[in-house]
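Structure, as structure tokens:
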Amino acid sequence: MNLTTRTLRRALAQRIGIGLAVGVATLPALANPLAAHAAPPILVTCAQLTPAFLAAQPGDDVVLSDPAPPCPLTTGLTLPADITLEGGSPAGQGFDGGASGTRILTGSATGTYTIKNLLFENSSTSGGSGGAIDLASPTDLQVLNNRFMDNSAPAGSGGALSVNQSFGGGVMSITGNTFGTSGHGNSASTEAGALLVDGIGDLTISNNTFTDNAQTSASAGSNGGGGMSDHLNPQGSGHVMTVSGNIFTNNSAHSVGGGASIGAFAGSGIDTHLTLTSNTFRGNHLTDVGAPFVTHQGGGLVFQPNLQTGTSTQSHNVFDGNIVGSPRPVNNVTFDYGGGGEWISGGTTTSLDDTFINNVVQTTASSTATGVGGGLAVRGSSSTQGAKVLATNLVSGGNTVGTEGQGGGIYAGGFGCSNTVCPAEVDLNDSTVVGNTSGGTGGGIEGDTTDTLKLANDIVMDNTGTGDSLTGFGTLQSAYLDACKGSAPYTGSGNICAEPKLVNVTPGAIDVHETSASPSIDKGLNSQVTAGVGQDYLGATRIQGAQVDMGAAEFTFVAPVLPAAGAGPAAPPAGFGLWLLALAAIAVAGAALSLRQRSG
């Protein structure tokens, strides 16, 4: 804008009582004259927000700096596009909606939104989505370092924040936010207890915490996602969705994804990349189903990478202590349910260093459905698409599926389709499946008759269930595997049947490190190690002996510590000299006594 426009805006701001954080009185000479026109931050109190929004121009930075935060609201605010709204000082800037039935912020204009360093609490909406914030059509978005607590969408989705990117397909980033704290979570009826995102461009969700949020409706139309529900429907190729470094704790849902529901849906020729890395899902749960035909999958996470072109990768994620509750028999649920830690539906996913421990799928003996996959369940998603997981350094330990269940550690099978056209496949390299329990069959890994399991350099032992630890697969290929079919090894090169003697295979205390007595040390095959993977699941060098070890953890040999060349002998410990003197005195006294005895 020109200097005349800038002067008029300053006068307008002063007239409506908005404080401008002005720098110096005169502008220095600048190499780029446009830099002189950048508006300074506009400092406002709670009472000045509405006039500030009305006067705002693209590029403005509105800074809330009320002396008595947070702002108590009785009516909602309309947020203009193409500005930044942020919290200033003192600390605690933000909004208290007073649970009035009117959400705090609504942004309906197409454009760029930046919201950061603010508190949003006690807000609700009487209808629709977004208990605290609803953004209907952002092209680009940054939501940074905000706190959302005790917000709700009692008749909609996204208890804290709802984002629907329907135009533009720009870049959206939701980073460093707190969605709920212990006892102060957010809630929504239909979907996404805290965060709902529908995107068509690039999307990053990173380093957020989700605690005590809930998706509350048990009706057949609910879509789950206790903490969040995020979906990418890309328009055009080359888009990326990254979910990384988030922590999901004690969130709940009634249908799918106790912690989160994440998916991407891209047709043929739309190259899309979906990455899920370094997230933690702990203590999330699906409550028992309250209506007929409600899907019931993924105590920690439901992951739907339905990409016909592109890649889906997950790595370094931890699924610990998540629960899928049993469906009620009266619901006539006839399809399988489960995935205590994670349920993967459709597509091909590459997994590296993912850990599934202490997850539970509860079952009811009289139910018409079957509980599957105490740790991980992999399923085809439609009549045309199966599901494949290619996993390296995976750990599944201490997971449980209840009465008449299948696959205490892992389950793979078709779902909602004929297995002959959409089978499931799981390939495990350098992985460990131990200490899992099935109240039915397949204490370790189970599949259906048209599904495939491929194993190399793995340990599948010390699991409990009817029959063998590996069961049900129409195709089972194995090499350099420690597992027992009855009391003998499975057919395949280098296979053994021997107690692995790991540190601990007790549920609740799983430690899959080998001990010096483990028969799996150096019993793998180097050529079977996944290309480009040089470390085990905890970061130790992958091959330390003549051959790779079986399992997810490589045994670490501890070499004796020798002094450096030319350094001489190592210094003796403190008190070593006195110990030598005492020893010499004892020796002298003993010699004298011996001499006296001889002379006597």
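The analysis underlying the following values was restricted to heavy atoms, covering all of them including side chains, and did not include hydrogens, waters or symmetry mates. All residue numbers in this chain count up from 1 along the given sequence.
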Checklist entry - Who are the salt bridge (charged side-chain N to carboxylate O under 4.0 Å, His left out) partners of Asp198, not counting sequence neighbours? => result none
Checklist entry - Is there a donor-acceptor pair under 3.5 Å between the side chain of Glu446 and the backbone N or O of Gly443? => result no
Checklist entry - Do Asp202 side-chain atoms and Val240 backbone N/O form a donor-acceptor pair below 3.5 Å? => result yes
Checklist entry - Do the side-chain N and O atoms of Thr311 and His273 include a donor-acceptor pair separated by under 3.5 angstrom? => result yes
Next on the checklist: Could you walk me through whether Trp343 and Arg379 satisfy the side chain to side chain contact (heavy atoms under 4.5 Å, CB included) test, starting with their C-alpha distance in whole Å, then the side-chain angles of each, then the deciding distance to 0.1 Å, before giving a yes or no?
Outcome noted: CA-CA 8 Å; Trp343 180 286; Arg379 289 293 208 163; 3.2 Å; yes
Next on the checklist: Assess the residue pair Thr471 and Asp468 against the criterion (side chain to side chain donor-acceptor pair (under 3.5 Å)); give the C-alpha distance rounded to whole Å, side-chain angles, the decisive distance to 0.1 Å, and a yes or no.
Outcome noted: CA-CA 6 Å; Thr471 187; Asp468 298 322; over 6 Å; no
Checklist entry - Got a donor-acceptor contact below 3.5 angstrom from the Asp522 side chain to the Asp549 backbone? => result no
Item to check | Short side-chain donor-acceptor distance under 3.5 Å, Thr350 and Thr313 | outcome: no
Checklist outcome for this item: Distance col, row Tyr337:OH vs His296:NE2, nearest 0.5 angstrom, shows 7.5 Å
Next on the checklist: Is any side-chain heavy atom of Leu455 closer than 4.5 Å to one of Asp427?
Outcome noted: no
Next on the checklist: For the backbone of Gly371 and the side chain of Gln406, can you confirm whether one donor and one acceptor N or O come within less than 3.5 Å of each other?
Outcome noted: no
Next on the checklist: If we ignore hydrogens and angles and just use 3.5 Å, is the side chain of Asn317 paired with the main-chain N or O of Asn279 as donor and acceptor?
Outcome noted: yes
Next on the checklist: Distance check, rounded to the nearest 0.5 Å: Met550 atom CE versus Asn495 atom CG?
Outcome noted: 6.5 Å
Checklist entry - Do the ring planes of Phe179 and Phe148 sit parallel (below 30°), tilted (30 to 60°) or perpendicular (above 60°)? => result parallel
Checklist entry - What distance do Ile174 atom CD1 and Met172 atom CE have between them, rounded to the nearest 0.5 Å? => result 6.5 Å
Item to check | Pairs satisfying salt bridge (charged side-chain N to carboxylate O under 4.0 Å, His left out), at least one member in residues 490-516, at least two apart | outcome: none
Checklist outcome for this item: Sequence neighbours excluded, the answer for side-chain contact (heavy atoms from CB on, under 4.5 Å) partners of Ala456 is Asn429, Gln528
Checklist entry - If you look at every heavy atom in Pro305 and Ser312, which pair is closest and at what distance? => result CB-OG, 3.2 Å
Item to check | Residue pair Ser187 / Thr216, side-chain donor-acceptor N/O under 3.5 Å | outcome: no
Item to check | Verdict with reasoning, Val434 to Ile459, per side chain to side chain contact (heavy atoms under 4.5 Å, CB included) | outcome: CA-CA 8 Å; Val434 294; Ile459 299 173; 4.1 Å; yes
Item to check | Distance-only polar pair, side chains of His254 and Thr287, donor-acceptor under 3.5 Å | outcome: yes
Checklist entry - Is Thr349 close to Leu390 at the side-chain level, that is, under 4.5 Å between some pair of heavy atoms? => result no
Item to check | CZ on Phe473 to OG1 on Thr452, rounded to 0.5 Å | outcome: 8.5 Å
Item to check | Approximate separation, where rounding is to 0.5 Å, of Asn213 CG and Asn186 CG | outcome: 5.0 Å
Item to check | Under 3.5 Å side-chain donor-acceptor pair for Ser206 and Thr175 | outcome: yes
Item to check | Under 3.5 Å donor-acceptor, Asn246 side chain and Thr209 backbone | outcome: no
Next on the checklist: Quick one, Phe210 with Leu195, criterion side chain to side chain contact (heavy atoms under 4.5 Å, CB included). Give me CA distance, side-chain angles, the key distance, then yes/no.
Outcome noted: CA-CA 9 Å; Phe210 296 82; Leu195 173 63; 4.0 Å; yes
Checklist entry - Can you find a heavy atom in the side chain of Leu453 that is under 4.5 Å from one in the side chain of Leu470? => result yes
Next on the checklist: Just by distance, no angles: are the side chains of Glu191 and His231 close enough, under 3.5 Å, to form a donor-acceptor pair?
Outcome noted: yes
Checklist entry - Side chains of Thr450 and Asp448: do they bring a donor and an acceptor to under 3.5 Å? => result no
Item to check | Asp536/Arg542 salt bridge by N-O under 4.0 Å criterion | outcome: no
Next on the checklist: Given Met228, which partner from the list Ile205, Val197, Leu196 fulfils the side chain to side chain contact (heavy atoms under 4.5 Å, CB included) test?
Outcome noted: Ile205
Item to check | Residue pair His316, Tyr537: steps toward the side chain to side chain contact (heavy atoms under 4.5 Å, CB included) verdict | outcome: CA-CA 8 Å; His316 303 95; Tyr537 91 111; over 6 Å; no
Next on the checklist: Pair Asp482, Ser520 - check side chain to side chain donor-acceptor pair (under 3.5 Å), show working.
Outcome noted: CA-CA 7 Å; Asp482 185 7; Ser520 51; 5.3 Å; no
Item to check | Working for side chain to side chain donor-acceptor pair (under 3.5 Å), residues Glu554 and Gln535 | outcome: CA-CA 8 Å; Glu554 192 82 1; Gln535 297 178 322; over 6 Å; no
Item to check | Short side-chain to backbone donor-acceptor contact, Asn322 and Asn284, under 3.5 Å | outcome: yes
Item to check | Distance in Å, Ser478 OG paired with Leu428 CG, rounded so as to fall on 0.5 Å steps | outcome: 11.5 Å
Next on the checklist: Using a 3.5 Å distance criterion without hydrogens, assess whether the side chain of Asn436 forms a donor-acceptor pair with backbone atoms of Ser396.
Outcome noted: yes
Item to check | Donor-acceptor under 3.5 Å (Ser431 side chain, Leu394 main chain) | outcome: yes
Next on the checklist: Can you classify the ring geometry of Phe319 versus Phe356 as parallel (below 30°), tilted (30 to 60°) or perpendicular (above 60°)?
Outcome noted: parallel
Next on the checklist: Closer than 3.5 angstrom, by distance alone: can the side chain of Thr363 be matched with the main-chain N or O of Thr403 as a donor-acceptor pair?
Outcome noted: yes
